[in-house]
There are 2 protein chains.
Amino acid sequence: MQKTATVYDVAAHAGVSIATVSRVFRRPDDVRASTREHVLASVRALGYVPSASARGLAARRTGVLGLYFPDFDAVEDVDDTDFAYSPRVDVVVDIPDSGDVRRPNLYFDEVLRGSELQAWRDGFTLMVGVGRGSNPIEMVSDIAGRVDGLALLAHSVPDDVLEHVSRRIPIVLIAGERRGDDFDHVTVANAEGMHALGRHVIDDLGVRDPVFVSGPRDTPDDRERYGGFCQALAESGIDPGSLPVFHGDFSRERGRAIAGEILAAGPPPRALMCSNDQTALGIIDVLTARGVRVPEETIVTGFDGIEEGRLSTPRLTTVQQPMVDLGRAAMWVMRSRLEDLAQPPIALRLPVKLLLRESSEGSSPSRSQ
Amino acid sequence: MQKTATVYDVAAHAGVSIATVSRVFRRPDDVRASTREHVLASVRALGYVPSASARGLAARRTGVLGLYFPDFDAVEDVDDTDFAYSPRVDVVVDIPDSGDVRRPNLYFDEVLRGSELQAWRDGFTLMVGVGRGSNPIEMVSDIAGRVDGLALLAHSVPDDVLEHVSRRIPIVLIAGERRGDDFDHVTVANAEGMHALGRHVIDDLGVRDPVFVSGPRDTPDDRERYGGFCQALAESGIDPGSLPVFHGDFSRERGRAIAGEILAAGPPPRALMCSNDQTALGIIDVLTARGVRVPEETIVTGFDGIEEGRLSTPRLTTVQQPMVDLGRAAMWVMRSRLEDLAQPPIALRLPVKLLLRESSEGSSPSRSQ
DNA sequence: AACCGAAGTGTATGCGCATACACTCGCCGG
DNA sequence: CCGGCGAGTGTATGCGCATACACTTCGGTT
């Protein structure tokens, strides 16, 4: 790691000008093959790697796209210890149900995966930021200075920050409907999905008084889902206002608590339609433990399509969001925006998939494999 | 998104020099409070966000750390369609066991999570690259030009590329023992973990002829694990050479195939110790399906500690790797390296945790709730 | 034989910032 | 009353590259 090589070093070593060196990387075809080989030999000899900072400055674009998410994982508060410990082995007799604390945030992982995939496909590099307790404003500004465009989860950052940052680079909001702003948006068909699920429960399963279990108030996702639910009811002549609604917060823990409340209040309702999977799983946890059979006595449905819902007993009927596609779409929109800054705001709504499984269907095939 | 504001614009607007503007961001305390407020007002007025490219160039450091992983997910080959479709809802009757194809790569997600966490803690931004089919060499070089240091999975990139890139920035290798190189390394206690598990199976469970199911040949992780296994045998006076070994590839599918082979060959062995969880889960899939009771007839163990192993039936006895810590440690080592480039190579080995669960323990509590 | 264009290469400049250094100003001690 | 000093600010420079433009060859035209 002596002195880092620069274009000048390579140019001198190869006996050409720096323009030629630069061209070898940027537009190889503009350089005669023999010269190119010659330069590349020098590149190898000197261990030259072009500086993205310099390139970004000169070219006025970085080739990087940003992805910012708030940290809704209750971030396992990792201790700050140094990594000075030795390779030891702790033995733990692991009792069942020792908590579902790990990996709550599949959502972000999936979106990240999709973003990463699409960004590279489009020739960009991805920079990620997950808002820790630390000041999200600084974080977003920091990222904003490094990228050509930034995608972030809607409502994860104050509007004025968005406005500020958007004077420099394009912004794409993930999972939030347009709301008077001119940003680009990428969402899933929340309303349509919950509506379809509602129709299924009402029409196919014959439940005329399903109970809705919401997520945190004022999240747009939750609001839309509830809207779809109400629409399905209305279409069947049922007044949504006549049915009780429980308010969760998208956590499994809260789902359990809600199930407790419900059971305490009397016989469980015929169907519980939850605004997300975690809540539904928490409810199933408690219902099952208290001897309420799902779905025979109570049907439970979720929304999201997380992995746990496929591994639970019974497996969870849900609406699967295309989370990977959400990330992909965000990057795709970003690219499109960068190619034409003047085009009108883009708003994408991705399709969802209704997964009918045993938490709602009577014929529960055994989960043996 | 008119003309992006620069230091010059802010300086002019605030009636100060660009040095003062720069200082407001870099060393706020060097600027009189009143001046600072004044400048910040201009910053807000102009929507100024400092350019990381320019800063990186001038300061000779980017403040970004890189993380590169190859793509061992068989990348679900996402189609290349544009996102022009409408919000529709597909209904799918989801039959059980419709595959475990999703999310195979928890390993990377966890490492990423830890890396991201630690990087921000240390004041760095994280840039991720997942090697798609596309040329990993280009990808690594690309990232290398953008960051102050790069962590990558060992053996994911040819040695000469590493050597080349390392002339520019420090490299940290994840999950691979040092091997004659001078790079920094971060690993887990593979050998110790498998050794402890081996001792448990031999001593506590009284199995004197456990069968090892390996991973892909020549991965260092697998090699170390097998080494720990052999050592445990040797300590009990058992000759490892006398026992059969099956060769897997860390995939669940292959685990299933191996189970098939084993059953075809005769009565199943008393214990199967697998080099990773996926393989073990695949084996359990088939054993269970064919009526072999786990663990009563055959004990099965894994290695990794992935989530599925906690949700399977029976739950999987395994050695849990500290995957999040692996990422954290990589970033931590990187920071340490950057603070003192001359210090001797660092090699960290993180402790593991032996999780004793029902795939090896007789007393299998029911998996209810 | 003078001319022309294409292909290949070099020269010069600026991208936006950090920072070394110079400078100013007010205050203190001698 | 002068010298010195520290706090605060400005000036000048260079970081490493992309790229517009100028220049040189050289083969083919007329």
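Below, chains carry the letters A, B, ... as their sequence lines are ordered, and counting in each starts from 1.
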Contact under 4.0 Å: [X] side-chain N or O vs [N] OP1/OP2:
X       : N      : answer
A:Thr6  : D:dC15 : no
B:Tyr8  : D:dT11 : no
B:Ser17 : D:dT9  : no
A:Ser22 : D:dT19 : no

Contact residues, residues 24-39 of chain A to DNA chain C [heavy atom, < 4.0 Å]: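 Hits under 4.0 Å, by residue number: A:Val31, A:Arg32, A:Thr35.
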Tell me, please, which residues at least two apart from B:Glu339 pass salt bridge (charged side-chain N to carboxylate O under 4.0 Å, His left out).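 For B:Glu339, the residues satisfying salt bridge (charged side-chain N to carboxylate O under 4.0 Å, His left out) (neighbours in sequence not counted) are B:Arg335.
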Salt bridge (charged side-chain N to carboxylate O under 4.0 Å, His left out) against B:Asp181, all qualifying residues, sequence neighbours excluded: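 B:Asp181 satisfies salt bridge (charged side-chain N to carboxylate O under 4.0 Å, His left out) with no other residue.
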Can you check the [X] [atom1] to [N] [atom2] distance for me, whole Å?
X        : N      : atom1 : atom2 : result
A:Arg168 : C:dC15 : CZ    : C1'   : 12 Å
B:Arg61  : C:dT19 : CZ    : P     : 9 Å
B:Ile18  : D:dG14 : CD1   : C1'   : 12 Å
A:Arg60  : D:dA18 : CZ    : P     : 12 Å
A:Arg23  : D:dT19 : CZ    : C1'   : 8 Å

Which residues in residues 52-59 of chain B have at least one heavy atom lying under 4.0 Å from any atom of DNA chain D?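 Hits under 4.0 Å, by residue number: B:Leu57, B:Ala58.
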Going by the rule side chain to side chain contact (heavy atoms under 4.5 Å, CB included), which residues pair with B:Ala151 if we only count those two or more places apart in sequence or in a different chain?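 Expected list: B:Leu67, B:Val172, B:Ile174, B:Ala330, B:Met331.
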Degree of bending, the helix from C:dA1-D:dT30 to C:dG30-D:dC1 (end axes from five pairs; round to 10°):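 Comparing the axis at each end, I get an angle of 50°.
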Test of understanding: with side chain to side chain donor-acceptor pair (under 3.5 Å), list the residues that count as partners of [X], not counting sequence neighbours.
X        : value
B:Ser141 : none
A:His13  : A:Ser42
A:Thr219 : none
B:Thr187 : B:Glu177

What ring-ring contact (aromatic ring centres under 6.0 Å, His included) pairs are there with at least one residue in residues 136-157 of chain A, not counting sequence neighbours?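 Residue pairs with at least one partner in residues 136-157 of chain A: there are none.
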Under a 3.5 Å distance rule, please check whether A:Arg55 uses its side chain to pair with a backbone N or O of A:Thr62 as donor and acceptor.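 A pair under 3.5 Å: no.
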Contact class for A:Ser51 vs. all strands (heavy atom < 4.0 Å): base, sugar-phosphate, or nothing?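 Sugar-phosphate only.
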Sequence neighbours left out, what passes ring pair (Phe, Tyr, Trp, His ring centres under 6.0 Å) with A:Phe25? Give chain and number order.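 Checked A:Phe25 against ring pair (Phe, Tyr, Trp, His ring centres under 6.0 Å); matches are A:Tyr48.
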Test B:Asp9 against every option in B:Leu46, B:Thr4, B:Val43 by the side-chain contact (heavy atoms from CB on, under 4.5 Å) rule and name the one that passes.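 Result: among B:Leu46, B:Thr4, B:Val43, B:Leu46 is the only option passing the side-chain contact (heavy atoms from CB on, under 4.5 Å) with B:Asp9.
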